[in-house]
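Working notes, beginning with the structure itself.
Please read these numbers as outputs of a predicted model, since none were measured by experiment. Order of the sequence lines sets the chain letters (A, B, ...), proteins ahead of strands, with each chain counted from 1.
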Amino acid sequence: MRVATWNVNSVTARLPRLLAWLESAKPDVVCLQELKCATEAFPPEVRDLGFEVAAYGLGRWNGVAVLSRVGLEDVRRGLVDEPTYDDAAEPRAVGATCGGVRVWSVYVPNGREPGHPHYAYKLRWLEALRATAVAESAPERPFAVLGDFNIAPADDDVWDISLFTESTHVTEPERAALAALREAGLRDVVPRALKYDKPYTYWDYRQLAFPNNHGMRIDLVYANASFADAVNDAYVDREARKGKGPSDHAPVVVDLTL
DNA sequence: ATGTCGTTCTGTGAACGA
C-alpha cells in the first residue's frame with residue numbers, strides 16, 4: 001500500500017498538478033493539507049480518478065482531506081477536545097480508516113511567532129493531537145498521523161538553523177510536543193531525499209529557496225509500530241516541487257508491506 | 001527588500017496568512 005501526504009497550498013489552484021501526480025505516483029491513500037476550499041467545493045475530478053474523498057474545509061484558510069482507493073470508513077472531523085482560535089473551530093484534522101489502516105491528515109497551526117496567541121494555540125492543538133492519537137492507536141491496527149506539522153524535529157531539518165533563533169518551528173516546546181507523540185508510541189518515519197543529503201519537504205516560494213535547497217523538513221509521518229514496521233520505503237517526491245505552478249511543499253510518499 | 005504565492009474584499013489593487 002502506498003500512502004502519501006502533501007500540503008498542496010490550494011487544491012483548486014493545484015488541481016492540474018494534483019491530478020497528474022495522482023496518476024503518475026499511484027498512491028492508494030493521500031492526506032492533503034491547505035485545501036483552501038470548502039468541503040462541498042472539493043474538486044470532483046479527484047473522485048473521477050477512483051478515489052473516495054473525506055474532505056474538511058471551510059473556505060479561504062486551512063482545510064484537510066483523506067483520499068483513498070482502498071476504502072474509506074469511520075471518518076472523523078476534528079480532534080478530541082480540539083481547541084479553537086478566536087472562538088472558531090478550524091478545519092485542520094480529518095481521520096479515516098483506509099484498507100485497515102487508520103490515518104489522520106493534519107495541518108498543525110503555524111504559530112506565527114513565539115509569544116503570539118497563535119503559538120499558544122499551536123501547543124494546545126498539539127496536545128489535542130496527542131490525546132487523539134492515544135485514544136485511537138491500538139497496537140494491532142496500523143495507525144499514522146501524516147501532514148504539515150509546522151515543526152522541524154531537529155536542527156538538521158532546517159537549511160540554516162542560525163536564521164531561526166527567534167522563530168517558530170524549532171522551539172523547545174514545539175519539539176517537546178513531538179517528543180510527547182513519540183512517548184505515546186509513535187515513530188518519526190523519516191523519508192529518503194532523492195537529491196542532496198536532507199529530506200526537506202518545504203521550500204519557501206521566495207528568494208529562490210528551492211533551487212538553492214534552502215528547505216525544511218516539516219511534513220511528517222508519525223506512525224505506531226504496526227505501521228512503522230510495515231514501511232519498506234519512504235521518500236520525498238521533490239519532482240513535484242519543480243516547474244511551473246508548484247505547491248511550496250513536496251509530497252512525502254510511504255510504501256507499506258501489509 | 002518579507003524579493004512569492006493564493007484567496008477574498010476594502011474589489012482591477014490591498015490586506016492577510018504562510
Side-chain angles (χ1 to χ4, degrees), chain A residues 5-21 31-43 45-46 55-65 83-93 105-126 129 146-153 157-171 174 177 200-220 236-252:
Chain A
T5 181
W6 192 10
N7 178 325
V8 289
N9 187 19
S10 171
V11 71
T12 51
R14 214 64 58 214
L15 188 60
R17 292 189 65 129
L18 173 62
L19 296 175
W21 186 80
C31 295
L32 299 179
Q33 300 87 36
E34 279 207 84
L35 303 182
K36 294 186 173 179
C37 76
T39 300
E40 58 274 17
F42 191 91
E45 292 88 338
V46 172
Y56 178 27
L58 294 175
R60 182 178 189 181
W61 304 117
N62 313 309
V64 287
T84 58
Y85 188 68
D86 280 348
D87 299 321
E90 298 184 320
R92 294 181 175 275
S105 176
V106 301
Y107 178 47
V108 176
N110 172 288
R112 301 189 187 161
E113 56 188 47
H116 192 285
H118 207 260
Y119 178 81
Y121 168 57
K122 180 179 196 173
L123 297 178
R124 289 197 304 276
W125 200 94
L126 286 161
L129 178 60
L146 306 94
D148 179 356
F149 280 68
N150 273 315
I151 304 171
D157 295 312
V158 178
W159 66 277
D160 184 351
I161 193 64
S162 73
L163 301 177
F164 284 77
T165 53
E166 305 295 326
S167 302
T168 60
H169 294 57
V170 301
T171 67
E174 292 168 284
Y200 298 146
T201 65
Y202 162 81
W203 301 260
D204 198 289
Y205 284 125
R206 293 166 287 191
Q207 299 177 280
L208 300 174
F210 183 67
N212 290 319
N213 200 32
H214 292 173
M216 306 174 73
R217 184 172 77 94
I218 58 175
D219 297 272
L220 309 177
V236 181
D237 188 358
R238 70 188 303 282
E239 296 299 313
R241 182 63 178 80
K242 293 182 178 179
K244 185 175 170 56
S247 170
D248 43 1
H249 296 250
V252 176

Item checked: Partners passing side-chain contact (heavy atoms from CB on, under 4.5 Å) against A:Pro117 (at least two apart in sequence or in another chain) -> A:Tyr85

Distance-only donor-acceptor pairs under 3.5 Å for side chains of residues 9-17 of chain A, two or more places apart:
{"unit_1": "A:Asn9", "atom_1": "OD1", "unit_2": "A:Lys36", "atom_2": "NZ", "d": "2.9"}
{"unit_1": "A:Asn9", "atom_1": "ND2", "unit_2": "A:Tyr205", "atom_2": "OH", "d": "3.1"}
{"unit_1": "A:Ser10", "atom_1": "OG", "unit_2": "A:Thr12", "atom_2": "OG1", "d": "3.2"}
{"unit_1": "A:Ser10", "atom_1": "OG", "unit_2": "A:Ala13", "atom_2": "N", "d": "3.0"}
{"unit_1": "A:Arg14", "atom_1": "NE", "unit_2": "A:Val8", "atom_2": "O", "d": "2.8"}
{"unit_1": "A:Arg14", "atom_1": "NH1", "unit_2": "A:Gly245", "atom_2": "O", "d": "2.9"}
{"unit_1": "A:Arg14", "atom_1": "NH1", "unit_2": "A:Pro246", "atom_2": "O", "d": "3.3"}
{"unit_1": "A:Arg14", "atom_1": "NH2", "unit_2": "A:Val8", "atom_2": "O", "d": "3.4"}
{"unit_1": "A:Arg14", "atom_1": "NH2", "unit_2": "A:Asn9", "atom_2": "O", "d": "2.8"}
{"unit_1": "A:Arg17", "atom_1": "NH1", "unit_2": "A:Lys242", "atom_2": "O", "d": "3.0"}
{"unit_1": "A:Arg17", "atom_1": "NH1", "unit_2": "A:Lys244", "atom_2": "O", "d": "2.6"}
{"unit_1": "A:Arg17", "atom_1": "NH2", "unit_2": "A:Ala240", "atom_2": "O", "d": "2.9"}
{"unit_1": "A:Arg17", "atom_1": "NH2", "unit_2": "A:Lys242", "atom_2": "O", "d": "2.7"}

Check: Nearest-Å distance, CG (A:Asn212) to P (B:dG3)?
Finding: 17 Å

Next item on the list: Any salt bridge (charged side-chain N to carboxylate O under 4.0 Å, His left out) involving residues 116-125 of chain A? Give me the pairs, sequence neighbours left out, ordered by first then second residue.
Entry: A:Lys122-A:Glu174

Notebook entry, point to check: Hey, does A:Ser247 reach any base, or is it just sugar-phosphate, or nothing, if we go heavy atoms under 4.0 Å?
Noted result: nothing

Check: Is a side-chain N or O of A:Arg241 found less than 3.5 angstrom from the main chain of A:Phe210, in a donor-acceptor match?
Finding: no

Check: With rounding to whole Å, what would you report as the distance between B:dT8 and B:dG3 at their P atoms?
Finding: 22 Å

Checklist line | Distance in angstrom units between A:Glu166 CD and B:dT2 P, rounded | finding: 16 Å

Check: Say you pick atom P in B:dA15 and the same atom in B:dT10; how far apart are they, in whole Å?
Finding: 13 Å

Margin query: For nucleotides 12-18 of chain B, give me one character per nucleotide, 5' to 3': B if any protein heavy atom sits under 4.0 Å from the base, S if the only such contacts are to the sugar-phosphate, - if neither.
Written below: ---BBSB

Next item on the list: Starting at atom CD of A:Glu113, determine the distance to atom P of B:dT2, rounded to an integer number of angstrom.
Entry: 15 Å

Check: Excluding sequence neighbours, so at least two apart, what forms side-chain hydrogen bond (donor to acceptor under 3.5 Å, both in side chains) with A:Asp219?
Finding: A:Thr201, A:His249

Notebook entry, point to check: What's the CZ-P distance between A:Arg241 and B:dT4, to the nearest Å?
Noted result: 13 Å

Notebook entry, point to check: A:Asp204: what forms a side-chain hydrogen bond (donor to acceptor under 3.5 Å, both in side chains) with it, not counting sequence neighbours?
Noted result: A:Tyr202, A:Arg206

Note to self: Using atom C1' in both nucleotides, what's the gap between B:dT2 and B:dA18 to the nearest angstrom?
What the structure shows: 11 Å

Next item on the list: Report yes if a side-chain nitrogen or oxygen of A:Ser10 is closer than 4.0 Å to either non-bridging phosphate oxygen (OP1 or OP2) of B:dC5; otherwise report no.
Entry: no

Note to self: When the P atoms of B:dG11 and B:dC16 are compared, how many Å lie between them, rounded to an integer?
What the structure shows: 14 Å

